[in-house]
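Below, chains carry the letters A, B, ... as their sequence lines are ordered, and counting in each starts from 1. Only this structure's heavy atoms are used, side chains among them; waters, hydrogens and symmetry mates stay out.
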Number of protein chains: 2
Amino acid sequence: MRLSKTSEYALRILSFMAKEPELLYSAKFLVEKLNISDKYLRRLMTNLTKSGFIRSAQGRDGGYSFAKKLNDIVLADIINSVEGMEKYMGCVLGFDQCSDANPCVMHSTWVNVREKFNETFQNKTLADFNFDEINKF
Amino acid sequence: MRLSKTSEYALRILSFMAKEPELLYSAKFLVEKLNISDKYLRRLMTNLTKSGFIRSAQGRDGGYSFAKKLNDIVLADIINSVEGMEKYMGCVLGFDQCSDANPCVMHSTWVNVREKFNETFQNKTLADFNFDEINKF
DNA sequence: ATAATATACTACAATAATGTAGTATTTAAA
DNA sequence: TTTAAATACTACATTATTGTAGTATATTAT
């Protein structure tokens, strides 16, 4: 029930950009706004660019902008691009061999919770958030 | 959507003991069965004893047994005793200041997922698992 | 040309989480 | 009284995650 900083940051960056999806955002500007260290953010931007969510414009006045429509950017795909959803889909008791066919005692209970997460992240895109409401972050 | 090893182990130990809740389990036996290092397990047992889930019988032929009825052992309380549920209840974007009153853009979506986890762990006790089924772990 | 901004590396530092080692003491069955 | 098994510490080792530093090169508006 917690994502890694890497996943948090990736979502934080893209959801921030999604508020004004037509703009071009410099790494410098994002660093100032999002409280993420410069090098860490740039490393993530490289991943997100390679994964095709954003494109980079090099040279003076360059920066990053969306390479896809917001409704084509699925949250689970963002996680996958920076570290992989599987990381979050393991057995609650930590048994590697646990599966539907070979379940631990808490398997069905946990699958229930886990699928709520998975479905939400598979079904939500960046277009599904209402940026007009008074959201501070 | 992932618990720490500490939480995993605590649940692993207690759910193992719950299969035969009347028995006394030595630390040595649990270590052999559960693939958790000796010192780490003992440290956890001390926590779980202090929290009142189990009691320790010292001396020769000692070990651990339940100090409560299984239906009084709530999963969330186990997590709380070893590290705290709050750890799993934070903002998905990692904003400390994010709250119902002061939400991030993904707040309502995340609360939805988070509460599924929270409710499940607040409502399930060790008595709610069917140990008669063919669960390998 | 210069300046701002990007890419692409490599390497190291700091912190948090997990795991291991050791030593001394207490308890209670046999 | 001996012994197995507990408590209660302290300290260190390993690994993973997160964060920082530096250097070299490419791109494009001005």
Which of B/Asn71, B/Val74, B/Leu70 passes side chain to side chain contact (heavy atoms under 4.5 Å, CB included) with B/Leu126? It is B/Leu70
Contact span of DNA chain D against chain B, any nucleotide atom under 4.0 Å from a heavy atom, 5' to 3', runs D/dA4 to D/dA11
ask   = For the ring pair B/Phe53 and B/Phe66, is the centre-to-centre distance below 6.0 Å?
value = no
Does the ring center of A/Phe95 lie less than 6.0 Å from the ring center of B/Phe137? yes
**Message:** Would a single hydrophobic cluster contain both B/Val92 and B/Val111, if residues Ile, Leu, Val, Met, Phe, Trp and Tyr are joined by side-chain heavy-atom contacts under 4.5 Å?
**Reply:** no
Atom pairs, protein N/O to nucleotides 16-19 of chain C N/O, distance under 3.5 Å:
unit_1	atom_1	unit_2	atom_2	d
C/dT18	OP1	B/Lys5	N	2.8
C/dG19	OP1	B/Tyr9	OH	3.1
C/dG19	OP2	B/Tyr9	OH	3.0

Those residues at least two apart in sequence (or on a different chain) that pass salt bridge (Lys or Arg N to Asp or Glu O under 4.0 Å) with B/Asp38 are B/Arg42
Under 3.5 Å, is there a donor-acceptor pair between the [X] and [Y] side chains?
{"X": "B/Ser4", "Y": "B/Tyr88", "result": "yes"}
{"X": "B/Tyr40", "Y": "B/Thr6", "result": "yes"}
{"X": "A/Asn123", "Y": "A/Glu119", "result": "no"}

- Please work out if A/Gly59 contacts a base, only the sugar-phosphate, or nothing of the nucleic acid, heavy-atom cut-off 4.0 Å. base
From CZ of B/Arg42 across to P of C/dT20 the rounded distance in Å is 14 Å
Whole-Å distance, A/Ile54 CD1 to C/dT7 P, equals 8 Å
Per nearest nucleotide of DNA chain C, the residue lying toward the 5' end, B/Gln58 or A/Gln58, is A/Gln58
